[in-house]
2 protein chains.
Amino acid sequence: MKDSMIPAVRMAGHTQRGQCAKRMSILDAAADVFCRQGFAAASIDEIAAVACVSRQTIYNHYREKETLFVAVVEDVMNRANAMLFSVLSTFPDSADDLEDGLTAFAVRLNKNCICNHDGKFLRKLVQTEGERYPHLFESWRQQGPGKLTTALSALLARLAHSQALAIDDFDVAARQFVALANADLQMMTLFGGTPSNEELEKAARNAVRTFLKAYGNPKAEKAGGEPQLAAILG
Amino acid sequence: MKDSMIPAVRMAGHTQRGQCAKRMSILDAAADVFCRQGFAAASIDEIAAVACVSRQTIYNHYREKETLFVAVVEDVMNRANAMLFSVLSTFPDSADDLEDGLTAFAVRLNKNCICNHDGKFLRKLVQTEGERYPHLFESWRQQGPGKLTTALSALLARLAHSQALAIDDFDVAARQFVALANADLQMMTLFGGTPSNEELEKAARNAVRTFLKAYGNPKAEKAGGEPQLAAILG
DNA sequence: GTAAAACTAGACGCCATTGTCTAAACCGTC
DNA sequence: GACGGTTTAGACAATGGCGTCTAGTTTTAC
């Protein structure tokens, strides 16, 4: 009886959300409660209430609290990694409009990967529960933050190869780009705030201006970015 | 009887550690356990065991778990703020040896304020318990991270005034300096690691090089920093 | 040395939570 | 409409932590 409840949706190892409405509802509610309360203080009853589901249903889908927690983290990690991949694919690939292209990219990076709900959730969890579940977040570190810097490093190398940038160490430049993009926002996000669109825009512009002052190829930007752009458009 | 136990050490409102060995031991143990487990999962019994103190003694000094928690946070905050003030006072005040001076400052900032135990503890707590105790961490934000950027902004302005730097927005530059100084280390500290001295040194050097490429006054560094320095010393 | 203050160990009631169990209700399909 | 699978509400024991209390011991001050 009890066993027959589980495999109705065949989840062959890999955690895929969606297939069942109840499962999705539980995952969302659990993410919400775990995020606000942390693992220890979160109660199954509250999760059930938020999910509009009985407690028994949760135990039907997830053997115990820890199983649910792991499923939630993996779900959020998958979403966050997919989003990061998507944002990385919008990195500007030409030297034209470099400042605007990088600025728009920085906005997307902050808005959809770092300052968004999933990003804050994962950073919060890795700090609070990282010691208890080292293997759980290790995969996120490799495929999230780790992949971000290596991918960004390669993308910057491409720009440098086309003479748009003058970079000696691509890994360092990649980390600095991310750090600069967050410079104006990290305190706000640390304290729970969410930046507005104007704040995102201004932070990205400040970051990219400094980044280009440090790494912009002097040969390529003799006349400055904006006049060039105006000349091309006009 | 119970009341008579408390005022043996007259603590007139302000929380000052030290005066009693037991108090100190309790505060240290509680900081350790709260830091590892978080507020909810931390148990008074474990704190008592770590402090080598009976549970009742804790309740004699601190009315309840939350009182103890607040005392711990205030204690750590005071230490961290004092350390930050001390580090800020070592900011280089002359344009000589600017790269080395800024690098050494960045090393101290990371080592003693950001990557150290208290810094990680406070960032961790503000994320996990910030929503529950908004007023508690607000004072830290103002006197810690807030003061860091405003003070750094003023210090950079002083350098700019002496023609050593060319900065348009001092606040932005201050935040960017901190962000760059952390760029190579933030992932490690997020995942619980502690950087070695070599890593601290390298991270600071990378940060300051980029910062000076962006903000170094071209007039003052025509020949580059090191040759100038060598000429002066030689 | 004595008395007050501080500390210890342990027991206790209370409460919240976890995870199980059961009987009843629901829902889609044949 | 019958039936298998799923959900629900609630009861239940077990656990563990908080905060209190008491009785006895150690430390400190005079």
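Numbers restart at 1 for each chain; the letters A, B, ... are given by sequence-line order, proteins then strands.
- Atom-to-atom, CD1 of A:I44 to C1' of C:dG19 comes out at 9 Å; the value is rounded to the nearest Å.
- We find that CD of A:E64 is positioned 18 Å from P of C:dT17, with the value rounded to whole Å.
- The distance from atom CG of A:N60 to atom P of C:dT20 is 10 Å, rounded to the nearest whole Å.
- A straight line from OH of B:Y59 to P of D:dC21 spans 13 Å, rounded to a whole angstrom.
- A:H61 has no side-chain polar atom (N or O) that falls below the 4.0 Å cut-off from OP1 or OP2 of D:dT6.
- In this structure, A:K22 does not reach the C:dC27 phosphate: none of its side-chain N or O atoms is under 4.0 Å from OP1 or OP2.
- The residues A:R141 and A:E138 are annotated as salt-bridged, a charged nitrogen and a carboxylate oxygen being separated by less than 4.0 angstrom.
- Here A:A42 lies in heavy-atom contact (under 4.0 Å) with sugar-phosphate atoms only.
- The existence of a salt bridge linking B:R36 and A:E131 is excluded, since no basic side-chain nitrogen approaches an acidic carboxylate oxygen closer than 4.0 Å.
- A salt bridge between A:R55 and A:D45 is present, with a side-chain N of the basic residue lying under 4.0 Å from a carboxylate O of the acidic one.
- Rounded to a whole Å, the CD atom of A:Q56 is 11 Å from the C1' atom of D:dG10.
- Nearest-nucleotide mapping onto DNA chain C: of A:A40 and B:R55, the residue sitting toward the 5' end is B:R55.
- A:K65 has its NZ atom 14 Å from the P atom of D:dG16, to the nearest Å.
- A cation-pi contact, defined as under 6.0 Å to the ring centre and within 45° of the axis, links A:R23 to A:Y62.
- Put simply, B:T57 has a side-chain N or O that comes within less than 4.0 Å of OP1 or OP2 on C:dT8.
- Residue B:Y62 contributes atom OH, which lies 16 Å from atom P of D:dC18 at whole-angstrom precision.
- If you take CD1 of A:I58 and C1' of D:dT7, they are 12 Å apart, rounded to a whole angstrom.
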